[in-house]
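Notes for the one structure printed next.
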Amino acid sequence: MRSDAVTKGMQQAPHRSLFNALGMTQEEMDRPLVGIVSSYNEIVPGHMNLDKIVEAVKMGVAMAGGTPIVFPAIAVCDGIAMGHVGMKYSLVTRDLIADSTEAMAMAHQFDALVMVPNCDKNVPGLLMAAARINVPTVFVSGGPMLAGHVKGQKRSLSSMFEAVGAYAAGTMTEEDVREFEEKVCPTCGSCSGMYTANSMNCLTEALGMGLKGNGTIPAVYSERIKLAKHAGMQVMELLKKNIRPRDIMTEKAFLNALTVDMALGCSTNSMLHLPAIAHEAGVELNMEIANEMSAKTPNLCHLAPAGPTYIEDLNEAGGVYAVMNELNKKGLLYTDLMTVTGKTVGENIAGCVNKNPEVIRPIDNPYSEIGGIAVLKGNLAPDTAVVKRSAVVPEMMVHEGPARVFDCEEDAIEAIKGGKIVAGDVVVIRYEGPKGGPGMREMLNPTSAIAGMGLGSTVALITDGRFSGASRGASIGHVSPEAAVGGPIALVKEGDRILIDIPNNKLELLVSDEELAARKAAWQPREPKVTTGYLARYAKMVTSGNRGAILEL
């Protein structure tokens, strides 16, 4: 056992004295030490219930003969961080979470781990750590929030942001906004649509790192507590069989995750996180493969913000396994891969029927024959850009319009709410990429303002930043190379014509090559926005969005 390095032998007597100081008995020291990584805190609604999840995991580990030991991971609430300097600190926490978990697990020589994340960066950060540490590991999240109800309709956080835009447009009263404010987020849990947190929790099932229901069982259901107990028990089975994350997170497992991503219509942030997780697992996942996967993968779900259904509805319809079973009817998954259940993908999904064809479309009646995410290329994005195709209205799938150029998010929001953006415009927000931000802020405020102002079907937004899973419309992010390194997005001028052609995966600045070359020759790098602290170090080490914004020395 790995923990023998701290519990066995005369040389380890000093170590045991410190375990004694913890009140640990000899019987506990003789059992496998199982680290439980708790993302609990009192500021993130998706994490406020994790103390109960952790206690359930501890019970499961102990019942199965292990010694559970809890240590923490940080978490940022993207909703609370949105639209101000706090959003610079969102994506960057993914690497802090991975690094700190690696440090704790290696320093204390845990035999196995149970990861208890919930919100946007904790899931990928802990998956990255799991791949690095490579001891038997199970994921169990805190679960999704139930949808709110406003005026007889189900609503979620994206509705709240759009309500602010509607108020600015004069189509909603302050009283209406207040009602949304009080009702759209009615319980603890990760926000109720197919936003980034729920996307990544669902993809833990597709990757094989979470038990059935991990992505969809609501946070407030007692079934979530049972799931946590079973996760604690199951990690002991993985330890006995020596099944490790790198045995599970293989290249084929990532291809399965991409396939399920396309079918569910996940957040575009998955296109940042899957390559970063794969990198830690020793798998190179080129995002250009996403279009190949999309071309053969039907989009089966239109969960909020793409449609009127929510994660609770997906759960009742059969969850992620039911979606996978539909996909398997056309042979779109690798089914012989090992998972944390101790069984293969095929064994896991067998008999998992689709209980609601309105929530999960049958494979022969999809929302579209192609997947929910598209990767675009062109002279504006020579490497790549990403769009959540399933959340784009048909009339914006192909769009040409004049560029309205902003060098930061705040300036764009002021223009949108000030009525300076009109139908047909293409809003360009740059210098918000991984280096330029730094931290690659999410642009939920501008996209929500566009939708709330009634411009969602006529205005596009392009950025080297990224989007919340709650964004909808022609929202094209991760433009690479980013402006801060002289990417073509830095060369766009006010009024330039931009062509967006999502069906053909194109993003073009309609300017001659000669003119672009002249602009490039005249371009000068900008002074860094942040010169001290973690963000400054991050900016020096981070790669581009098309590489998953991974860190390199």
Side-chain angles (χ1 to χ4, degrees), residues 76-92 120-121 157-162 164-165 168 191 193 195-197 199 267-273 305-306 373 376 380-381 385-389 391-392 396 403-418 420-421 425-453 455-456 459-480 482-484 487 489-490 492 498 500 507 529 544-545 549:
V76 163
C77 176
D78 278 21
I80 295 174
M82 195 70 65
H84 56 88
V85 67
M87 182 45 66
K88 294 179 185 289
Y89 287 88
S90 170
L91 179 61
V92 304
D120 297 40
K121 308 311 161 304
L157 184 65
S158 55
S159 306
M160 181 72 255
F161 277 91
E162 290 178 16
V164 175
C191 296
Y195 311 149
T196 306
S199 294
S267 164
T268 52
N269 279 319
S270 62
M271 297 293 105
L272 280 175
H273 299 322
I373 289 178
L376 311 182
L380 187 52
V386 179
V387 63
K388 186 172 181 175
R389 174 168 40 204
V392 179
M396 289 298 289
R404 305 298 308 280
V405 183
F406 304 94
D407 287 349
C408 68
E409 177 190 6
E410 289 82 358
D411 290 350
I413 292 171
E414 183 179 350
I416 295 165
K417 291 185 176 179
K420 296 177 182 178
I421 302 301
D425 284 348
V426 178
V427 176
V428 176
I429 305 178
R430 61 193 182 188
Y431 294 99
E432 290 285 8
K435 286 184 180 293
M440 205 178 187
R441 287 196 287 181
E442 288 183 343
M443 301 293 150
L444 179 56
N445 271 356
T447 58
S448 298
I450 287 169
M453 297 285 284
L455 298 169
V459 169
L461 195 155
I462 298 171
T463 182
D464 53 5
R466 59 195 179 93
F467 293 106
S468 164
S471 290
R472 61 187 177 97
S475 303
I476 299 165
H478 309 188
V479 171
S480 302
E482 63 174 292
I489 192 171
V492 181
I498 291 176
I500 299 163
L507 184 61
K529 294 178 184 175
S544 64

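Residues passing the side-chain contact (heavy atoms from CB on, under 4.5 Å) test with Ser267, sequence neighbours excluded: Thr196, Ser199, Asn269. Contacts of Asp464 classified as salt bridge (charged side-chain N to carboxylate O under 4.0 Å, His left out), with partners at least two apart in sequence or in another chain: none. With sequence neighbours excluded, the residues that form a salt bridge (charged side-chain N to carboxylate O under 4.0 Å, His left out) with Glu410 are Arg441. In terms of the salt bridge (charged side-chain N to carboxylate O under 4.0 Å, His left out) criterion, Arg389 has no residue partners (sequence neighbours excluded). In this structure, Asp411 has no salt bridge (charged side-chain N to carboxylate O under 4.0 Å, His left out) partners at least two apart in sequence or on a different chain.
Under the 3.5 Å distance criterion, the side-chain polar atoms of Arg404 are left unmatched by any main-chain donor or acceptor of Ala415. The closest donor-acceptor contact from the side chain of Tyr89 to the backbone of Ala81 lies at 3.5 Å or more, if one exists at all.
By the 4.5 Å heavy-atom criterion applied to side chains, Leu507 and Ile500 are counted as neighbours. By the 4.5 Å heavy-atom criterion applied to side chains, Val428 and Ile498 are counted as neighbours. Glu482 has its side chain out of reach of Met440: every pair of non-hydrogen atoms, C-beta onward, lies at least 4.5 Å apart. Side-chain contact between Val387 and Thr268 is absent, with no heavy-atom pair separated by less than 4.5 Å. No side-chain heavy atom of Pro446 sits under 4.5 Å from any side-chain heavy atom of Val427. Between Val492 and Leu380, the closest side-chain pair of non-hydrogen atoms falls below 4.5 Å. Here the side chains of Lys388 and Met271 are not in contact, with every heavy-atom distance at 4.5 Å or above. Residues Met443 and Ser471 have side chains not in contact (no heavy-atom distance under 4.5 Å, counting atoms from C-beta outward).
Closest heavy-atom contact between Gly439 and Leu91: O-CB, 3.6 Å. The two residues Pro305 and Tyr195 come nearest to each other via the heavy atoms CD-CE2, 3.6 Å. Closest approach of Met453 and Lys417 over heavy atoms only: CE-O, 4.2 Å. Residues Ser544 and Pro434 share a closest heavy-atom pair of C-CG, 4.3 Å.
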**Item:** Worked verdict on Glu432 versus Lys529 for side-chain contact (heavy atoms from CB on, under 4.5 Å)
**Value:** CA-CA 10 Å; Glu432 290 285 8; Lys529 294 178 184 175; 4.3 Å; yes
**Request:** Given side-chain contact (heavy atoms from CB on, under 4.5 Å), test Ile421 with Ile450 step by step and report yes or no.
**Result:** CA-CA 9 Å; Ile421 302 301; Ile450 287 169; 5.6 Å; no
**Intermediate values then yes/no, side-chain contact (heavy atoms from CB on, under 4.5 Å), Met160 and Cys191** = CA-CA 12 Å; Met160 181 72 255; Cys191 296; over 6 Å; no
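Atom CZ in Arg430 sits 12.0 Å away from atom CD1 in Ile462 (nearest 0.5 Å). To the nearest 0.5 Å, atoms CE (Met87) and CG (Asn445) are separated by 8.5 Å.
The stretch residues 78-92 participates, sequence neighbours left out, in these salt bridge (Lys or Arg N to Asp or Glu O under 4.0 Å) pairs: Asp78-Lys121.
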